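The chain is numbered in sequence order, starting from 1. Quick caveat, the model's predicted, so the values are computed rather than measured.
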Amino acid sequence: MAASVHKAEKFNVKLCILLPLVVAVTMILWLIPADSFGIDGLTVVEQRTIAIFVFTALMWMFEIIPTWTTSVLSIVIMLLTISDSSIWFMKGSGIPAEMGTFVSYKAILATFADPVIMLFLGGFVLAIATTKVGLDVQLARALLKPFGKKSEFVLLGFLMVIGTFSMFMSNTATAAMMLTFLAPVLRMLPPDGKGRIGLAMSIPVAANLGGIGTPIGTPPNAIALGYINDSLHLGVGFGEWMLVMVPYVLVMLLISWGLLLFFFPFKQKTIELRIENTHPKTWRTYVVYVTFAVTILLWMLDRVTGINSNVVAMIPVGVFAVTGVLTKDDLKEINWSVLWMVAGGFALGIALQSTGLAEHLVNSIPFGEWLPLAVVLVSGFIGYFISNFISNTAAANLLVPIMSAVGVGMGDSLLEVGGIKTLLVGVALSTSLAMLFPISTPPNALAHSTGLVTTKDMTKVGILIGVIGFALGYAMLIFIGI
């Protein structure tokens with residue numbers, strides 16, 4: 001009873017104090033003169049996008065209302081104010097150049113069916129099916145067996161297994177797969193223990209960090225390497241990348257292990273996964289076995305088969321629906337609120353890019369007037385910051401070409417901080433460290449879908465990993481190089 005009263009009081013504080021404050025800040029940003037931002041040529045639509053961006057970020061940060069409702073509300077606001085189907089008086093009667101570029105309403109609405117949303121859907125369906133036949137327990141036990149039964153080492157096992165998979169397959173596909181293995185482990189822990197939160201957090205932490213390890217681990221790596229090798233002809237190979245980045249990933253995973261244990265200590269000291277024979281084997285059991293194996297194999301070999309991981313995720317949805325493994329009641333178990341929450345993040349990213357605001361902001365920074373070290377560090381920070389709100393691929397696509405041109409213009413002056421390779425690789429690395437909010441990366445959203453991880457928990461861990469990873473990464477790039 002006391003707990004519910006405390007929760008109600010906390011909710012009232014959010015609604016009565018924080019909500020009006022957020023609305024006030026938003027309206028100030030919306031209404032002040034455009035030249036107050038200090039950005040030459042800022043359009044009306046771009047200014048509205050800044051206001052919506054700040055409103056959404058603050059609402060997510062303080063969780064004044066559920067994160068998924070914030071996402072849906074933001075999409076509705078964008079449709080009515082910055083889309084090409086806005087309310088008539090939002091389109092203005094001024095000079096078109098001053099109004100700026102309106103975002104396609106179709107592009108905003110399409111975020112509800114973004115390909116990554118389909119990957120999430122496939123991951124959820126795969127997890128539901130494997131749980132129904134008991135496959136999740138068997139696989140989790142096999143993967144974690146080398147790490148023993150102590151709770152702390154089970155957490156380390158999750159971090160290492162996820163990090164390794166993520167070096168060679170999509171971060172999101174890795175997280176979707178590991179969500180399946182996580183469920184039976186969580187069931188073995190007391191519901192009031194913090195260790196469950198640490199295990200859930202291991203999914204995004206390891207998936208995001210693991211992708212840094214190889215050139216194919218995450219798209220920003222490939223984008224940076226493409227400019228380094230194809231445009232600048234500096235010849236960084238697959239092995240050279242791994243020689244530097246794999247040790248970095250391992251160190252970061254160990255640091256993350258320590259942080260997760262510190263913030264979320266285990267109440268139960270051991271975890272022993274027991275396989276209870278409560279699932280009689282039928283032909284549908286073998287359908288799940290085969291479909292699971294084929295899905296994971298195709299996710300791992302997407303670069304060989306040419307089938308995108310998002311498309312692969314629809315295979316279990318189709319197979320399980322047709323064979324009756326997935327029923328209409330199972331559809332209710334899919335975490336639809338997470339899918340809507342992620343859609344809001346994608347819509348915000350589209351608004352930042354389609355209005356030209358993201359590029360406008362980056363281009364307004366006078367990199368050419370700065371010291372080499374400042375250029376390197378600030379470019380990384382910008383990559384880190386914007387990747388918390390748009391995809392790391394989009395952030396790299398935006399920043400790497402610009403910083404490549406800046407680096408060429410600066411010439412030999414960059415050599416004292418590791419050269420242009422440090423500049424571009426640093427941007428790629430920084431985008432992978434962005435994990436402050438549930439919408440920052442798909443693995444973050446999947447962790448949030450467990451219902452164990454709050455935005456506050458994610459931000460707390462994300463800031464520390466971001467700061468440590470940023471400092472360690474740039475120290476490595478500047479003093480060791482790649």
So do the side chains of [X] and [Y] get within less than 4.5 Å of each other, counting heavy atoms only?
X    : Y    : result
W68  : L339 : no
L156 : L254 : yes
V417 : T422 : no
M59  : T56  : no
S202 : I162 : yes
R196 : V185 : no
M245 : V425 : yes
L209 : S256 : yes

Just verifying a value: how many Å separate [X] [atom1] and [Y] [atom2], rounded to the nearest 0.5 Å?
X    : Y    : atom1 : atom2 : answer
T180 : I128 : OG1   : CD1   : 10.0 Å
F381 : S430 : CZ    : OG    : 10.0 Å
L21  : L19  : CG    : CG    : 9.5 Å
T164 : L253 : OG1   : CG    : 8.0 Å
H448 : S440 : NE2   : OG    : 11.5 Å
I223 : Y227 : CD1   : OH    : 8.5 Å

Taking it one step at a time, do F292 and L126 satisfy side chain to side chain contact (heavy atoms under 4.5 Å, CB included)? CA-CA 7 Å; F292 182 89; L126 204 60; 3.8 Å; yes

Given 3.5 Å as the limit, does a donor-acceptor pair link the side chain of [X] with the main chain of [Y], or not?
X    : Y    : result
K132 : V325 : yes
T459 : K456 : no
T218 : I212 : no
Q353 : L398 : no
N392 : S387 : no
W336 : L331 : yes
N229 : L234 : no
S166 : A207 : yes
T291 : P316 : no

Apply salt bridge (charged side-chain N to carboxylate O under 4.0 Å, His left out) to K328 and list each qualifying residue two or more places apart in sequence or on a separate chain. none

Determine whether L452 and L186 satisfy the following criterion, side chain to side chain contact (heavy atoms under 4.5 Å, CB included), listing intermediate values before the conclusion. CA-CA 10 Å; L452 298 171; L186 293 178; 3.7 Å; yes

State, to 0.1 Å, how close [X] and [Y] come at their nearest heavy-atom pair, and which atoms those are.
X    : Y    : result
M341 : I439 : O-CG2, 3.4 Å
Y248 : F470 : OH-N, 4.5 Å
L436 : N444 : N-ND2, 4.2 Å
F320 : V288 : CE2-CA, 3.9 Å
T323 : R284 : O-NE, 2.8 Å
S71  : W60  : OG-CZ2, 3.3 Å

W340 and I75: CA distance, side-chain angles, deciding distance, side chain to side chain contact (heavy atoms under 4.5 Å, CB included) verdict: CA-CA 10 Å; W340 283 29; I75 288 175; over 6 Å; no

Centroid-centroid under 6.0 Å between F158 and F147 rings: no

For K460, is the NZ atom crowded, meaning more than 12 foreign heavy atoms sit under 6.0 Å from it? yes

Answer yes or no: are there more than 12 heavy-atom neighbours, outside F53 itself, under 6.0 Å from its atom CZ? yes

Aromatic plane relationship, F389 with F437 - under 30° parallel, 30 to 60° tilted, over 60° perpendicular: tilted

Is it the case that N171 and T174 place a side-chain donor and acceptor less than 3.5 Å from each other? no

Do you see a donor-acceptor pair shorter than 3.5 Å between the side chains of S432 and N208? no

Scan I463, V461, I468 and name whichever one has a side chain to side chain contact (heavy atoms under 4.5 Å, CB included) with I465. V461

Could you check F266 against L199 for side chain to side chain contact (heavy atoms under 4.5 Å, CB included), going step by step and ending with a plain yes or no? CA-CA 10 Å; F266 285 92; L199 280 168; 3.9 Å; yes

